[in-house]
Structures are given as structure tokens and as C-alpha cells.
Participant: 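Can you keep this structure in mind? I'll have questions shortly.
Each chain gets a letter, A, B and so on, in the order its sequence line appears, and its residues count up from 1.
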2 protein chains.
Amino acid sequence: MTTRHHAQLRIAADLAILTVREGALHALVITRGNEPFAGKPALPGGFVRTDEDLDAAAVRELREETCLNGADLHLEQFGVYGEPHRDPRGRVVSVAYLAIMPNLPWPSAGSDASGAAWVAVDRAQGNLAFDHDRILYDAVERARQRLELTTLATAFCPPEFTIGDLRSVYEVVWGETLDPRNFSRKVINTEGFIEPTGRKRVPATGRPAALYRAGNVATLNPPILRPSTDS
Amino acid sequence: MTTRHHAQLRIAADLAILTVREGALHALVITRGNEPFAGKPALPGGFVRTDEDLDAAAVRELREETCLNGADLHLEQFGVYGEPHRDPRGRVVSVAYLAIMPNLPWPSAGSDASGAAWVAVDRAQGNLAFDHDRILYDAVERARQRLELTTLATAFCPPEFTIGDLRSVYEVVWGETLDPRNFSRKVINTEGFIEPTGRKRVPATGRPAALYRAGNVATLNPPILRPSTDS
DNA sequence: CCAAAAGTGTTAAACATACACCCATGT
DNA sequence: ACATGGGTGTATGTTTAACACTTTTGG
């Protein structure tokens, strides 16, 4: 018989850390070292400490998992998951955070001792521990919507990026192709979205593209609406 | 000396129940009967029970406060509030829900034994217990955004309503006036938003208006964008 | 020169806005 | 008749979408 404690309640912060690499949306996935679900993939996260703010816990987890200071990254709470039996250890209520990163050359794919790896969202779905499939799905939906209404796309990009880079973020996250020429104009004419740096980047082949940095507004007005998905 | 338990953690579900009445956005506010904040106004809510789902707790609280079956109302989780010292009793993490109701003739304004009353959001703000001012603010912002992207406005209306009723919801929640003629057309041409019932309602004065019921789609495509708030 | 990606010009269709005007009812 | 809110028509300007075409680089 296992000793069943009296319904201990704990709060966790779980992270859906997304990035775009190799033309696909990837999530940072860890391999669990402990029971339950030892050996299974899961979203990074951990318990919120006594006297620790929820957001602070998310920042801490992000730093522990990515060795990056979460302060300059996009980090956004997007849901709570509290179904009574979602965690076999007892009652655990998870606060879910969406984090967006540019495509940094880390962690090295697959063979990392830390057990964290970028996995294409399509491939990650269906195998995750707990209810993390659901959490990841909701995170991606939230990101898709945020691209329409906010300047979130710039969070996927390095400090300097081309309009082509930015368009690629939209295309990969939405799974739609966009007209490069019209996209250019729309973005340039949306005040505060991006600012020119004056520099250019020469691609392997083709005309050099102007480089931009993220602008100073967070919400897009007007929004960048995705091509209507008339089902 | 009060006996201070070791950092007991509890989960609460708090409700921002909104409706439109008398041309203003109102929230259901209770007067607290117990410490802390006894006598102060607050949003309705309560602790989530052991083995109770978060959404179920919200539905239960809604029923307890309004005597209405929450099943047919719009009820949507919109945030978590977990700052360590937001509740003087100890660590309480609140899951916040947005509920939308039509303008029912209840509770009777002010003089209700239950201690629950509709209060104009403008008047409620600034007095609420805990961090409920913040929660209510976020709820209203969420509702404003939902009007743009979803058919939430119909949840403010009775089962049958006129386009004027619907427009009034937009005007009150957004705090903007809309052109009645253009609004009509936009709503009618948005497939799935509203369906004609064939009936009409005769107002005190003026031409009878066609009655509609809520349609079968939840997300508006294209969205109904609010007049640009070019600051 | 050619391939490739960036970016400009142009046009037609769709949409938004403003508002003149008519409609249907109670008083 | 007239006040009042419901609703249609229509002109005007803006935004979108599609795509021909030019620009700038490396091979």
C-alpha cells in the first residue's frame, strides 16, 4: 500500500517555450527523469515555491531550463489546468506560460545531457506526459492568435531581422503562405511594429534585404489578420 | 496570538459576472460577511473543493450566487492571480472567470439580503477587497476584446433580441457610439452571428424591429473591430 | 548571363464610412 | 401629423489581393 497523504495541493508553473527553426514550429521538451512518467517527454516546469510569485516561478523555470535570462523574453500566462487527477502524485494545479525565443543554437539537438531538446510541435503532440498535449495545443493556438493582434512575431526573431524573416515566422506559425510583397508593405506601414536599422543582410543568393529591429508598440492596430480559414 | 499554520495553500475561483443594464456595464458584487475585509465589496467566489475541477467550482459558485444554472451562460477562465500576499489568510491562488449574463430583473438593486448587487463597473472600481480591482479590470478588458473576435455580445442579450439591443451591448462595453445602419449590415452579413426568428418587437415608440437569436458560430470571421483608438 | 530573393507599381475588388432618405409604429 | 427608432441606398475613400515588373546580389 502506498501512503496516501491527505490531498496535498501544489501549484506548478509549466512552460510552452516556442521557437521557429528549420521551417517548423518547435517546442522545448524535456525527458522526465523521475516518476511519474519517467522517461516520457514533457513540458518544462516545476512547483511554485512558498512565497514565490507565479510569474517569478515561471521566470525561474525558464532560466533553469534554458540558461537564459527570461527578463528580455516574451513570457505570458495563458491558462490554468487543474483537473483533479491530472497528476498521479496528488492535486497539482498548473499555471501555463507561453514563452517565445529566437532560434538560438541551443540546445544541441537530441544528444544533450540536460534532457532538453527542441522538438517540432507536430512530432511532440500525442506523446507528452500529464495533460501537456492539451497545454501545448492551447499554447500554439494562443501564439497564433497573438500574431494577429500583437507584435509577438518579433519575439521569434533575433535582435536584427529582415522582413522575410518576420514573414517566415507568420507562415510557419500559421501554416499559411503569405504574399511577400503585400506582407512587406503591411508591416512597414504599421507604425511601431518594426524600425529600420539602416543595415542590410546579404543572403546566399539574391538581393540584400534591409534589417529591422522590433518597434516600440505591443498591440497591432490595425491587426494583421490571417487569411480567412473558411472551413 | 493567532495560530499560524504552515503556509497553507488554497485555490479559489473568483467570478467577474458582467451584464449591461441601464446603459452601463455592471458587475455582480457581494458584500463580504467575514474577515478579512468584512463589510467590503468583493467579487463573488470561493475555495475550490478537494477533488473538484476548477471549471466545476466556477459553475458552482455562479449557481450559488445567482441561483442560475451556469451551464447555459458564457463562462470563461481568463487569468490566475497568485501574488503571495494577496490574501491575508495565507497563500491563496485565485483562478478568475468571466461570466456574462443577460439583464435579468435580479438581484433587486441594493436591498437584497443575499448581499449581492449589480454595481456599475465604474463605481465598483477602486473599492474592492483583495486584488479584485485588478481582476475586474482585466475581466472588462477581456470582454472588450472578446466582442471584437467572438460572438460574446449575444451572451449579454436575452434569447431573442434586436440588432439595436446587440449594438447597445457593443456601445456600452466599448464606451463608443456606433453607426446603427452600418452596424446592422455588418452583423447581418456576418454568417452565423445571428439568425432571424421571424418575429418583431414593437418599441414604445418607433418602427418595430426584427428579432434575432444567437447564431451557431463562436468566433467572428471577419472580426468586428472597434473604432481605432488612435491615442 | 542566370538564379534567387527583395522590393515597387498598378489595378480591380472588397470593405468601411458617412449620411440622405424611406419605413412602421404609438401618440 | 409627428416623433422615434428601424432599416435601405448610395457615393466616397481606404484597404486588400493579385501579380507584372524592376532591383541587387552571388555564381
Participant: Roughly how many Å is it from NZ in B:Lys186 to C1' in D:dT8, rounded to a whole number?
Facilitator: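 B:Lys186 atom NZ is separated from D:dT8 atom C1' by 17 Å.
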
Participant: Does a nitrogen or oxygen in the side chain of B:Arg207 sit under 4.0 Å from OP1 or OP2 of C:dC22?
Facilitator: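 For B:Arg207, the contact criterion (side-chain N or O under 4.0 Å from OP1 or OP2 of C:dC22) is not met.
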
Participant: Take atom CZ of A:Arg123 as the centre, draw a 6.0 Å sphere, and report whether it contains more than 12 heavy atoms from other residues, nucleotides or ligands.
Facilitator: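 Atom CZ in A:Arg123 is not packed in, count stays at 12 or less.
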
Participant: Please state whether the phosphate of D:dG9, meaning OP1 or OP2, lies under 4.0 angstrom from any side-chain nitrogen or oxygen of B:Arg181.
Facilitator: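 So the side chain of B:Arg181 is outside the cut-off, no N or O lying under 4.0 Å from OP1 or OP2 of D:dG9.
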
Participant: Would you kindly compare B:Gly164 and B:Asn182 by the position of their nearest DNA chain D nucleotide and give the one closer to the 5′ end?
Facilitator: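 Looking at DNA chain D, the more 5' nearest nucleotide goes with B:Gly164.
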
Participant: Between C:dA4, D:dC19, C:dG7, which nucleotide gets closest to the side-chain atoms of A:Thr205?
Facilitator: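 Nearest listed nucleotide: C:dA4.
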
Participant: Closest approach of A:Arg167 and A:Leu178, non-hydrogen atoms and distance?
Facilitator: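 Minimum heavy-atom contact is CD-O, 4.0 Å.
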
Participant: Nearest whole Å is fine: how far is C:dA5 P from A:Leu211 CG?
Facilitator: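 So the CG-P distance, A:Leu211 to C:dA5, works out to 17 Å.
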
Participant: Atom CZ of A:Phe183 and atom P of C:dG7: how far apart are they, to the nearest Å?
Facilitator: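 Atom CZ in A:Phe183 sits about 12 Å away from atom P in C:dG7.
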
Participant: Please give, in whole Å, the distance from D:dG6 C1' to B:Arg167 CZ?
Facilitator: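 Roughly 9 Å, once rounded to whole Å.
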
Participant: Check the distance between D:dG26's P and A:Lys200's NZ and give it to me in whole angstrom.
Facilitator: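 From A:Lys200 NZ to D:dG26 P: 13 Å.
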
Participant: Go through the N and O atoms of the side chain of B:Arg201 and the base of D:dG5, and report whether any donor-acceptor pair is under 3.5 Å.
Facilitator: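 Flag unset: no donor-acceptor pair detected.
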
Participant: Between D:dT8, C:dA18, C:dG7, which one does the side chain of B:Asp179 approach most closely?
Facilitator: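 The answer is C:dA18, which lies nearest to the side chain.
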
Participant: To the nearest Å, how far apart are A:Leu178 CG and D:dC19 P?
Facilitator: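 Value for this atom pair: 15 Å.
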
Participant: Side chains of B:Asp14 and B:Tyr81: do they bring a donor and an acceptor to under 3.5 Å?
Facilitator: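 There is no such pair between these side chains.
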
Participant: Is the number of heavy atoms from other residues, nucleotides or ligands within 6.0 Å of OH (A:Tyr137) greater than 12?
Facilitator: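 Atom OH in A:Tyr137 is not packed in, count stays at 12 or less.
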
Participant: Have a look at B:Pro208 and say if it touches a base, only the backbone sugar-phosphate, or nothing, with a 4.0 Å heavy-atom cut-off.
Facilitator: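 If one applies the 4.0 Å heavy-atom cut-off, B:Pro208 turns out to touch the sugar-phosphate alone, with no base involved.
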
Participant: Mind calculating the distance between CG (A:Asn189) and P (C:dG7) to the nearest angstrom?
Facilitator: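 Value for this atom pair: 14 Å.
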
Participant: Rounded to whole angstroms, how far apart are CG on A:Leu225 and P on C:dA16?
Facilitator: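 Spelled out: CG on A:Leu225 to P on C:dA16 is 10 Å.
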
Participant: Choosing from D:dA18, D:dG6, C:dA18, which nucleotide comes nearest the side chain of A:Arg185?
Facilitator: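 Per side-chain heavy atoms of A:Arg185, the pick is D:dA18.
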
Participant: Check every atom of D:dG7, D:dA17, C:dG7 against the side chain of B:Ile163 and return the nucleotide holding the closest atom.
Facilitator: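 Comparing D:dG7, D:dA17, C:dG7 against the side chain of B:Ile163, the answer is D:dG7.
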
Participant: Between B:Arg146 and B:Glu76 (salt bridge meaning N to carboxylate O under 4.0 Å), is one present in this structure?
Facilitator: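 A salt bridge links B:Arg146 with B:Glu76.
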
